[in-house]
Structures are given as structure tokens and as C-alpha cells.
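A quick write-up on the structure given underneath.
Heads up: numbering here begins at 1 and tracks the sequence. This is a predicted model, so every value here is computed, not measured.
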Amino acid sequence: MKRVTRELARVSGWELFLIALVVGAIIAGSATSEFFLTETNFRVGVSDFMEIAIMALAMTLIIVAREIDLSVASVFGLASVVLGLLVDGGAPMGVALAAALLTGAVAGAFNGALIVKVGLPSIVVTIGTLAMLRGLGFGLFGTKSVSEFPVWFTDIGIGAVPGTQVPWSFVVFGVLFAIFAVVLHRTYFGRQIYAIGLNAQTARFTGIKVDQIRMALFVVSGLLAAVAAIVYTARVSSVRADNGTGLELQVIAAVLLGGVSIFGGRGSLLGVLLALILVAVLRNVFSLQDIGSEVQDIVIGSLMISAVVLPETLARVRRRLSRHELAGPEPSVETP
């Protein structure tokens, strides 16, 4: 019981707010559609969001370290293209999957090298590779598509654990989430990431290998983008050069909505998980009500802005109140 109490005490106010929003969204969904709480809707709703959820794990670590990776969707697309090219050329599925994962890792390492070795800002580098890698994908694949995959592979994307409605893609995400949560919140490596986000120069003076950690984070980001591409390809059973276009904004939105500070050094994977659930539920509710993607984007975008603005505003208010309390009341001046 004491352990549960301690864990609850660690939940931030923003995370409690997200929990309230998730509960409210579920209540609204069940009240507006008879299909919302069905097992089929659960499986479809979860499957549709797993690619974003997988990429959000690495993005969380990168933003905590005060960096950004805008190229994840293009890495996603290129990994998918490599997978499709090899399958179309008759390569064994195992080789194609390994090549897709290697493509993601190499793309992440390329980003990391430009940021760490050359010293360029991550936002500039990843905007450039966003365009470059997407163009490379179109150059290799053109406008064709590949849709012939083994049944066992497509079952990963559309199938569920036997006897349940839990998609296999959710199992993949669950395992990855557990690993990343332990690494970020329970290991020295995770504490180093927070230290880098708070002040990279100070972290370097304390002996933290800042450059190596940054490089590792971008390699992991590329690798998880490739994992997400494999999951997506299995789900839709199709490879096109434009796979994943625009997903980078949804990934970043989910991370920021989860309370991870864009200024680095603050945030948790619990908050990101709650944000992912909230966005998935809201999009599912809107889809069941035939509400267009434009309205969905407005709502999600507004929540993301709130996630950035509100915590910073509250922090400033607290600092001002604290300074006022330290200064004490102004002395009264008596008039003769």
C-alpha cells in the first residue's frame, strides 16, 4: 500500500489532468456511439495508432535531451521502401526485415553524426533529412507499390493474440514501452538524458558522455521508425514511397501533449502514454461521428499548445509568488 501511495505521489498535475481527459473522452465516446466499446472497435482503434506510439517512445527521450527529430516519418518511409524493394526482388522476408531495420539505424546515425560531429542544430539537420530521405524513397521506388507479403507477416499487423482482441502490434509497443520506461526512469542512462536536457554543458563537466548519448538517441529513433514502418506495412499490406507522410507532427504532438518539455530536462513516459491514449480515443470518437480530419487536427493541436503553454505559465506564476513571499510585505510608511 505504501508503495502504491509513493507511486501516486509521483504523478504530476498534468498527468492527472490527462487521466481526467481520457476518462471524459471514453464516457463521451460510449454515450455517442453504440460501437465505441465493442471489441472490434478496440482492436481497430489500437492498431491504427501503434506506429505513432512506437515512434513516440524514442522521440520522448530525444526531446527530454533537448533535441528534436523531424525526420522520423521520412525514415519510416525509406525503411518501408527498402522492405518493399527486397520483397519485390524475391529476397527472403528475414533479409528484407533486417535491411529495413538497418536502414532506420543508418539514417538515425547520419542525423546524429551531423548533429554531434559537425555541430549543427538538430532541428536544421532533421528538416533537411526529412526532405532528403523522402526524396530518396521516391527515387528508389517511384509511384509503384508492393502488396504481396506472406500471411504470417500481415497477421502481425491485422491479427490479434489468440483468444483475445489485443493486436500483435500492441504487444510490440507494450514490450518496447516497458523497456524504454525502465531505461528512462530507473537507470543511470536515463538520469544522464535528463541531465543533458537540463544543461548539456554542466552534464559534460560532470563526466557524462553527452555526444555519445546524443548519437545513441538518434540511432534509436531511426531504428524505432523502421520498426513502426514494419508494423504499418504489415497492417496495410502495402508499400508506397509516401508511406508515413506527415506522421512526424503527430508523434511530436503526442510527446508534447504528454507533458514533455520542449525545453528539455522534464517529462515522463507515463504522460506520453496517457497522451497517446487520449489522442487515439479522441480520433476514434470523431471517426465514429464522421467528424472530418480538419476538426480532429484543430482539437489535437489546441491540446498540444495547451500542454506547452499552461505548464510554463503556471511555473512563472509560482516563481513570482515565491519571489514575493521571500521579499515579504512592503514596509508601511506612517505619515505625521
Side-chain angles (χ1 to χ4, degrees), residues 51-86 96-144 176 180 193 196-197 200 209-233 239-256 260 262-264 272 304:
E51 301 87 30
I52 294 171
I54 289 170
M55 289 189 286
L57 296 175
M59 187 68 74
T60 299
L61 273 61
I62 283 179
I63 295 180
V64 167
R66 207 170 186 173
E67 301 289 348
I68 194 76
D69 187 355
L70 295 170
S71 69
V72 287
S74 295
V75 176
F76 177 109
L78 183 60
S80 182
V81 162
V82 170
L83 175 64
L85 282 173
L86 290 175
L97 293 173
L101 293 174
L102 180 61
T103 299
V106 170
F110 180 72
N111 282 334
L114 291 177
I115 294 162
V116 173
K117 303 299 183 183
V118 183
L120 298 175
S122 58
I123 189 170
V124 174
V125 170
T126 56
I127 285 176
T129 51
L130 179 154
M132 184 187 75
L133 297 177
R134 183 65 67 182
L136 180 58
F138 273 102
L140 291 172
F141 213 61
T143 58
K144 69 177 182 178
L176 289 172
F180 274 73
I193 294 173
I196 292 170
K209 297 180 179 179
V210 175
D211 291 344
Q212 290 90 327
I213 291 174
R214 281 176 170 165
M215 173 66 81
L217 292 180
F218 280 97
V219 171
V220 170
S221 180
L223 186 60
L224 256 63
V227 172
I230 291 170
V231 170
Y232 177 84
T233 303
V239 169
R240 292 171 50 91
D242 60 355
N243 279 1
T245 301
L247 288 184
E248 65 278 339
L249 296 181
Q250 297 186 53
V251 173
I252 294 170
V255 174
L256 296 182
V260 177
I262 192 65
F263 304 108
V272 174
M304 184 184 73

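Between the CZ atom of Arg240 and the OG1 atom of Thr245 there is a distance of 9.5 Å, given to the nearest 0.5 Å. Taking CD of Glu51 as the reference point, atom OG1 of Thr233 lies at 9.0 Å (rounded to 0.5 Å). Here the straight-line distance linking atom NZ of Lys117 with atom CZ of Arg214 works out to 12.5 Å at 0.5 Å rounding. Summarising the geometry, atom CD1 belonging to Ile115 is positioned 7.5 Å from atom OG1 belonging to Thr129; distances are rounded to the nearest 0.5 Å. Taken to the nearest 0.5 Å, the OG atom of Ser71 stands 8.5 Å off from the CE atom of Met132. One finds the CG atom of Asp242 at 10.5 Å from the CZ atom of Phe141 (value rounded to the nearest 0.5 Å).
Residues Glu248 and Ala73 approach most closely at OE1-CB, 2.7 Å, considering heavy atoms. Scanning all heavy atoms of the two residues, the minimum distance from Asn243 to Phe76 falls at O-CD2, 3.7 Å. Minimum interatomic distance between Leu83 and Ala100 (heavy atoms only, all atoms of both residues): CB-CB, 4.2 Å. For the residue pair Val75 and Gly222, the shortest heavy atom distance occurs at CG1-O, 3.7 Å. Heavy-atom minimum distance, Val118 versus Leu114: CB-O, 3.2 Å. Residues Ala113 and Met215 come closest through the heavy atom pair N-CE, 3.4 Å.
Remark: the backbone N or O of Ala241 is paired with a side-chain donor or acceptor of Arg134 at under 3.5 angstrom. In this structure, Thr103 contributes its side chain and Ala99 its backbone to a donor-acceptor pair below 3.5 Å.
Partner Ile63 forms a side chain to side chain contact (heavy atoms under 4.5 Å, CB included) with one of Val260, Leu217, Val272, Asp69 and no other, that one being Val260. Applying side chain to side chain contact (heavy atoms under 4.5 Å, CB included) to Val125 and the options Asn111, Leu130, Leu70, Ile68 leaves one that passes, Asn111.
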Report task. Start with the C-alpha gap between Met59 and Ile252, add the side-chain angles, then the distance that decides, and say whether side chain to side chain contact (heavy atoms under 4.5 Å, CB included) holds. Result -> CA-CA 7 Å; Met59 187 68 74; Ile252 294 170; 3.9 Å; yes

Query raised in the report: Leu101 and Ile230: side chain to side chain contact (heavy atoms under 4.5 Å, CB included), yes or no, with the steps?
Result: CA-CA 9 Å; Leu101 293 174; Ile230 291 170; 3.8 Å; yes

Requested in this report: Just do the side chain to side chain contact (heavy atoms under 4.5 Å, CB included) check on Gln250 and Leu247 with the steps written out, would you?
Outcome: CA-CA 5 Å; Gln250 297 186 53; Leu247 288 184; 3.8 Å; yes

Requested in this report: Might you work through the side chain to side chain contact (heavy atoms under 4.5 Å, CB included) test for Thr143 and Phe138, ending with a clear yes or no?
Outcome: CA-CA 7 Å; Thr143 58; Phe138 273 102; 5.5 Å; no

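Counting non-hydrogen atoms of other residues, nucleotides and ligands closer than 6.0 Å to NZ of Lys144 gives a total above 12. Summarising the local packing, CZ of Phe180 is surrounded by more than 12 heavy atoms from other residues, nucleotides or ligands at distances under 6.0 Å.
Here the side chains of Ser221 and Val72 are in contact, with some heavy-atom distance below 4.5 Å. Residues Val82 and Leu102 fail the side-chain proximity criterion, which asks for heavy atoms closer than 4.5 Å. Within the 4.5 Å cutoff, side-chain heavy atoms of Leu78 are placed close to those of Leu140. Contact annotation: the side chain of Ile196 approaches that of Ile213 to within less than 4.5 Å [non-hydrogen atoms, C-beta and beyond].
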